Number of protein chains: 2
Amino acid sequence: MLQEAFSIGSHDCGDCPIRHRAVCARCEADELEQLEEIKYYRSFEAGQTVIWSGDRMDFVGSVVSGIATLTQTMEDGRTQMVGLLLPSDFVGRPGRQGSAYDVVATTDLVMCCFRKKPFEQMMETTPHIAQRLLQMTLDELDAAREWMLVLGRKTAREKIASLLAIIARRDATLHLRGTDGPLVFDLPLTREAMADYLGLTLETVSRQVSALKRDGVIELQGKRHVTIPDFGRLLEEAGDDSDGGMLA
Amino acid sequence: MLQEAFSIGSHDCGDCPIRHRAVCARCEADELEQLEEIKYYRSFEAGQTVIWSGDRMDFVGSVVSGIATLTQTMEDGRTQMVGLLLPSDFVGRPGRQGSAYDVVATTDLVMCCFRKKPFEQMMETTPHIAQRLLQMTLDELDAAREWMLVLGRKTAREKIASLLAIIARRDATLHLRGTDGPLVFDLPLTREAMADYLGLTLETVSRQVSALKRDGVIELQGKRHVTIPDFGRLLEEAGDDSDGGMLA
DNA sequence: CAGAAGCCTTGACCCAGATCAATCTCATGA
DNA sequence: TCATGAGATTGATCTGGGTCAAGGCTTCTG
């Protein structure tokens with residue numbers, strides 16, 4: 001279940017380099033003005049924590065560039081990634097106090113934020129924003145539940161293939177390409193981060209990536225640069241031929 | 001992460017035996033009248049499928065009594081439960097065409113439904129409904145992500161303990177009790193359904209339930225009637241001492 | 001009351017993936 | 001230029017949970 005393509009509306013938020021899926025879809029000029037007033041940018045370096053689980057979170061926003069992850073950690077240190085934030089993804093929990101997860105920048109990251117209080121007030125007076133956020137949250141819920149199937153029932157090889165398929169597809173969507181020809185992209189995650197996403201160890205990830213390479217499902221230039229010669233083949237390996245809702 | 005207690009508002013929806021978390025929180029009298037008009041009940045027998053994944057879904061609603069499950073299935077038959085619907089839980093995807101999962105009644109089930117079209121129209125004109133649904137969807141998202149940690153990183157024993165804790169807590173909340181004294185409830189799931197929820201086989205579920213019984217973490221009368229003498233102990237077994245947000 | 005059908009339990013064995021450990025590959029920078 | 005260290009690979013071994021198989025309990029039904 002793929003999240004909606006990133007650009008719904010037909011205008012940008014002022015000088016913001018991305019279009020905010022959450023708020024732009026049906027924005028009027030005066031709403032955009034309101035948004036400008038409460039908008040600001042934040043930059044993070046790779047590895048930096050954007051916000052800790054439980055911490056007060058006084059903003060909502062979108063990823064402009066870079067990648068962030070949502071992770072949960074148990075007392076004994078076991079961690080599970082529960083979300084992957086790519087450019088245009090929304091971050092934040094309108095109406096909630098704190099963050100439920102650690103949000104960590106895995107690459108250099110730029111976010112476009114709105115101050116939370118006024119944003120929530122805007123939500124009250126501008127019904128379509130709440131509706132838009134509801135749609136996006138339903139998308140996230142679908143993605144999370146799709147991932148439950150991956151975590152609960154797929155083999156290590158299928159898990160890797162599923163992750164590569166998601167990233168490849170998101171990447172293609174972001175660059176407004178289809179998934180027909182060979183797909184080329186840079187893996188935004190270390191083997192360890194992949195393992196945390198997939199509920200595996202990094203060694204198993206490494207082995208299965210090697211195996212997929214050996215079997216010609218993927219090609220690797222270096223450790224991170226990936227080519228998918230045949231996306232359909234990859235989906236088969238993911239145990240997921242039903243090319244579920246591509247290019248929403 | 002527990003879903004909100006089931007009754008937020010201070011009135012019932014007409015003769016409906018439960019309070020609809022989604023719509024009642026701030027309903028006005030005339031809205032209630034509108035709701036009455038588009039409301040109807042549906043009953044299902046244990047085992048019956050409420051709706052198949054992909055099917056057109058022309059209603060939204062709440063569970064009145066009984067239990068339903070949301071499941072996803074792979075082509076080869078592997079299945080993963082992705083949600084558990086207890087009384088007062090909301091079902092439906094406003095703004096979406098079809099269901100993304102199979103919804104199956106695991107016990108006899110009564111649902112209170114609203115026709116989807118008019119409900120959506122009401123959402124447009126009654127902003128608080130969309131906001132309320134957003135909050136509930138965020139709760140579900142939290143629950144789904146919490147479950148990703150269970151599926152990805154917990155041992156079989158911890159998984160069983162986690163499931164029992166969730167059901168025990170929901171049951172206590174539903175009956176407006178705390179989790180201090182011993183908790184007693186009936187398991188609404190077969191061993192197989194538990195396995196589908198936990199990403200295990202039914203044999204492993206059976207073994208771990210027996211082990212928890214042997215170790216005094218739970219007591220069993222018959223196969224389904226469970227007593228939790230010490231809820232804190234159960235949470236420890238679940239690897240989850242942080243009694244996360246109980247009785248929201 | 002016998003037989004059948006669900007559901008559950010328990011045992012024996014096996015294997016996918018975890019764990020432990022050694023080595024490799026680069027990019028960085030002194 | 002050569003240390004340094006973070007990330008990745010690969011091998012050897014171990015084990016939690018899967019798989020296969022044999023019963024055991026209840027609740028229906030005839």
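Here is how names work: the chains are called A, B, and so on, in the same order as the sequence lines, proteins then strands, and each is numbered from 1. Because the structure is predicted, anything quoted here is derived from the model rather than measured.
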Interatomic distance, [X] [atom1] vs [N] [atom2] [rounded to whole Å]:
{"X": "B/His225", "N": "D/dT26", "atom1": "NE2", "atom2": "C1'", "value": "17 Å"}
{"X": "A/Asp196", "N": "C/dA18", "atom1": "CG", "atom2": "P", "value": "12 Å"}
{"X": "A/Arg224", "N": "D/dG7", "atom1": "CZ", "atom2": "P", "value": "8 Å"}
{"X": "A/Ile160", "N": "D/dA8", "atom1": "CD1", "atom2": "P", "value": "12 Å"}
{"X": "A/Glu158", "N": "C/dA16", "atom1": "CD", "atom2": "C1'", "value": "12 Å"}
{"X": "B/Arg153", "N": "C/dA18", "atom1": "CZ", "atom2": "P", "value": "8 Å"}
{"X": "B/Arg78", "N": "C/dA16", "atom1": "CZ", "atom2": "C1'", "value": "13 Å"}
{"X": "B/Leu151", "N": "D/dG17", "atom1": "CG", "atom2": "P", "value": "13 Å"}

Identify, between B/Gln208 and A/Leu220, the residue whose nearest nucleotide on DNA chain D lies closer to the 5' end.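 Going by which nucleotide is closer to the 5' end, it is A/Leu220.
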Just by distance, with hydrogens left out, do B/Thr79 and B/Asp196 show a side-chain donor and acceptor under 3.5 Å apart?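 Yes, B/Asp196 and B/Thr79 have a side-chain donor paired with an acceptor closer than 3.5 Å.
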Determine, for B/Arg78 against A/Glu158, whether the closest basic-nitrogen to carboxylate-oxygen distance falls under 4.0 angstrom.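 Between A/Glu158 and B/Arg78 there is a salt bridge, with a charged N closer than 4.0 Å to a carboxylate O.
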Flag the pair A/Glu203 and A/Arg207 as a salt bridge only when some basic side-chain nitrogen lies within less than 4.0 angstrom of an acidic carboxylate oxygen.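 The answer is no: the pair does not qualify as a salt bridge.
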Answer yes or no for B/Arg42 and B/Phe59: cation-pi contact, defined as NZ/CZ to six-membered ring centre under 6.0 Å and angle to ring axis within 45°.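 Here B/Arg42 passes the 6.0 Å and 45° test against B/Phe59.
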Please tell me if the side chains of A/Ile160 and A/Val209 come closer than 4.5 Å, counting only heavy atoms from C-beta onward.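 Yes. Closest side-chain heavy atoms under 4.5 Å.
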Is a donor-acceptor pair below 3.5 Å formed from side chain B/Glu203 to base C/dC8, judging by atom type as modelled?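 Under the 3.5 Å cut-off, the side chain and the base do not form any donor-acceptor pair.
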Should the side chain of B/Glu192 and the base of C/dC7 be counted as holding a donor-acceptor pair, with the cut-off at 3.5 Å?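 Not at all, since no donor on one side and acceptor on the other fall under 3.5 Å apart.
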In terms of the nearest nucleotide of DNA chain C, which residue is placed more toward the 5' end: A/Thr201 or A/Lys223?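 Comparing both residues, the 5'-ward one is A/Thr201.
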For [X] and [N], is the shortest distance between a side-chain N/O and OP1 or OP2 below 4.0 Å?
{"X": "A/Thr155", "N": "C/dA16", "value": "no"}
{"X": "A/Ser210", "N": "D/dT10", "value": "yes"}
{"X": "B/Arg207", "N": "C/dC8", "value": "no"}
{"X": "B/Arg191", "N": "C/dT9", "value": "yes"}
{"X": "A/Ser206", "N": "D/dT9", "value": "yes"}

Which part of the nucleic acid does [X] contact within heavy-atom distance under 4.0 Å: base, sugar-phosphate only, or nothing?
{"X": "A/Thr190", "answer": "sugar-phosphate"}
{"X": "B/Gly199", "answer": "sugar-phosphate"}
{"X": "A/Arg157", "answer": "nothing"}
{"X": "B/Leu200", "answer": "sugar-phosphate"}

Quick one: OG1 on A/Thr137 to CG on B/Leu141, what's the gap to the nearest 0.5 Å?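 Reported value, rounded in 0.5 Å steps: 7.0 Å.
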